[in-house]
Amino acid sequence: MTDGVIPLLDLRQSGRALTVPQPLPPARPGPWLDARGRPLRDLRISVTDRCNFRCSYCMPKDVFDKHYPFLPRNEVLSLEEIARVARIFAGLGVQKLRLTGGEPLLRRNLESLIAQLSEIRTPEGLPLDLTLTTNGSLLARKAQALKDAGLQRITVSLDALDDAIFRRMNDVDFPVADVLEGIARAQAVGLAPVKVNMVVKRGTNDDQILPMARHFRGTGVTLRFIEYMDVGMSNGWRMDEVLPSSEVLARLREDADLIPLAPTAEGETATRWGYADGSGEIGLISSVTQAFCGDCNRARLSTEGQLYTCLFAGAGHDLRGLLRGDALGEPRTDDEIAAALGTMWTRRGDRYSELRASMPAAEAGSARRVEMHYIGG
């Protein structure tokens, strides 16, 4: 792997058209199982490709500068289109929706979308688990409105407690105090349990592991440490900057007595550890060193309606074309789109994280991957 930044590839026009089965098969409920027996349970929806931070591991400023061509409004899925897609996915077995970005709180009228999504029910009549991931910059002022609209839980990305380190990492000189205020406000209005995600980059913020753990212990916030991943093509990812979760855990256990906890749900990405005195828990997300492809049950919808079946995918499926008729000449019905999605999922065989370790460094570094800000985490 070289030290230089990997050139950005624009994947917005690379989507494959979803094949609409002809004739249409009889409708059936989920779960749909992919080629490896994994059900479709979780849909992550990017509502905007824009963000007000320029974190080096996601949207480095030298690539995403003031001249970067973000998506025009007519290419972005409308709130009504997103809600329609979510209803179709719920019929296929999806139980959880996570809104992402970019920074989702930048999307105009987001609360209206949340209200629509909160009304969706599974075939069994149950509400979906509705959550959102944010950088926290606008959370203090929006938390109550999000809760009132029907949002249930929230996850905040926060990579350092030290203000100078945090300002360097977000690269827009945003203060950590404002994010902490947003977290406190989210707790106060009942967007709980709040989770905080910290991407750990060796040599950049790994000295913040213990301060972060100490700060959130006993607060009801679950802190999760994420291995720095090779998502997208623009962050110059190098394996030597990955701090394995095993080392994170070793540092934490030098400071506190931790015990393993059972997963809370099938396909959970984090391994859970609890403080022995009952003062809270932490999570470890180890996509690089301990791949969890085996039970991955997530699909991702990009801002412009490309459907990706893996976080590290190189191309998506053109769902917007089915919604609007751009690809096949006329808009498709919900049943036709459901059948197309089911066919797509049953053919899914993605397991990039499992294969990464056996790839030559040059191949892993050059493999085409969609940018994080199009599909969220």
Side-chain angles (χ1 to χ4, degrees), residues 42-55 58-59 64 70-90 94 96-121 127-158 170 172 174 178-179 181-197 298-308 319-320 323 371-377:
D42 186 328
L43 178 63
R44 304 190 175 192
I45 303 171
S46 176
V47 297
T48 179
D49 62 332
R50 300 169 187 267
C51 186
N52 54 348
F53 283 9
R54 287 297 177 267
C55 303
C58 182
M59 294 182 71
F64 299 93
F70 289 100
L71 290 165
R73 181 176 298 181
N74 67 324
E75 292 186 16
V76 174
L77 290 184
S78 69
L79 302 185
E80 291 72 24
E81 287 173 327
I82 293 172
R84 181 187 174 194
V85 169
R87 285 192 293 270
I88 295 171
F89 269 100
V94 162
K96 177 180 177 181
L97 300 177
R98 177 177 295 277
L99 302 181
T100 66
E103 169 47 48
L105 298 189
L106 294 176
R107 179 70 189 258
R108 185 178 300 176
N109 298 322
L110 181 67
E111 294 84 0
S112 173
L113 173 62
I114 291 171
Q116 293 178 62
L117 298 178
S118 69
E119 296 177 354
I120 297 175
R121 296 295 182 266
L128 301 181
D129 182 9
L130 182 56
T131 183
L132 177 148
T133 297
T134 174
N135 62 28
S137 59
L138 302 173
L139 185 54
R141 72 183 77 166
K142 287 181 172 285
Q144 186 65 64
L146 295 171
K147 178 64 176 178
D148 291 345
L151 191 68
Q152 298 163 2
R153 298 183 294 108
I154 204 154
T155 297
V156 180
S157 299
L158 178 63
N170 65 57
V172 293
F174 194 87
D178 288 8
V179 178
E181 180 186 359
I183 293 171
R185 183 62 180 157
Q187 287 186 290
V189 303
L191 290 171
V194 174
K195 294 179 180 178
V196 169
N197 285 347
R298 292 169 291 283
R300 293 171 170 85
L301 182 65
S302 73
T303 311
E304 79 281 32
Q306 295 290 322
L307 187 68
Y308 293 86
L319 183 52
R320 187 184 67 190
L323 294 168
E371 292 296 328
M372 173 75 86
H373 73 293
Y374 284 127
I375 58 171

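All values derive from a computational prediction rather than experimental measurement.
Taking every heavy atom of both residues into account, Leu128 and Gln152 meet most closely at O-NE2, 3.0 Å. Between Ala192 and Arg153, the shortest heavy-atom distance links the atoms O-CG, 3.4 Å. Counting all heavy atoms, side chain and backbone alike, Ala86 lies closest to Ile120 at CB-CD1, 3.7 Å. Closest of all the heavy-atom pairs between Gln116 and Ala83 is OE1-CB, 3.4 Å. Pairing each heavy atom of Arg185 with each of Ala140, the nearest pair is CG-O, 3.4 Å. The two residues Lys96 and Val94 come nearest to each other via the heavy atoms O-CG1, 3.5 Å.
Note: Ile154 CD1 to Thr131 OG1 = 7.0 Å, rounded to the nearest 0.5 Å. Once rounded to the nearest 0.5 Å, the distance linking CZ of Arg300 with CG of Leu43 reads 10.0 Å. Interatomic distance, CD1 of Ile88 versus CG of Leu319, reported as 7.5 Å (0.5 Å rounding). In this structure, Leu132 CG and Thr134 OG1 are separated by 6.0 Å, a value rounded to the nearest 0.5 Å. Of the inter-residue distances, the one linking Phe70 atom CZ with Cys51 atom SG reads 8.5 Å to the nearest 0.5 angstrom. Here CG of Asp178 is found 11.5 Å from CD1 of Ile183. Values are rounded to the nearest 0.5 Å.
Not a single donor-acceptor pair under 3.5 Å links the side chain of Asp49 to the backbone N or O of Thr303.
Residues Phe89 and Leu307 meet the side-chain proximity criterion, which asks for heavy atoms closer than 4.5 Å. With a 4.5 Å cut-off on side-chain heavy atoms, Phe53 and Glu103 do not count as touching. Within the 4.5 Å cutoff, side-chain heavy atoms of Leu146 are placed close to those of Leu139.
Side-chain polar atoms of Asn52 and Ser137 form a donor-acceptor pair below 3.5 angstrom.
Each of Lys195, Arg98, Arg44 was compared with Thr133 under the side chain to side chain donor-acceptor pair (under 3.5 Å) criterion, and only Arg98 meets it.
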Could you pull out every donor-acceptor pair under 3.5 Å between side chains of residues 104-115 and any protein atom, sequence neighbours left out?
residue, atom, partner, partner atom, Å
Arg107, NH1, Val47, O, 2.8
Arg107, NH1, Leu77, O, 3.4
Arg107, NH2, Leu77, O, 3.0

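Partners of Ser78 according to the side chain to side chain contact (heavy atoms under 4.5 Å, CB included) rule, which considers only residues two or more places apart in sequence or in another chain, are Glu80, Glu81.
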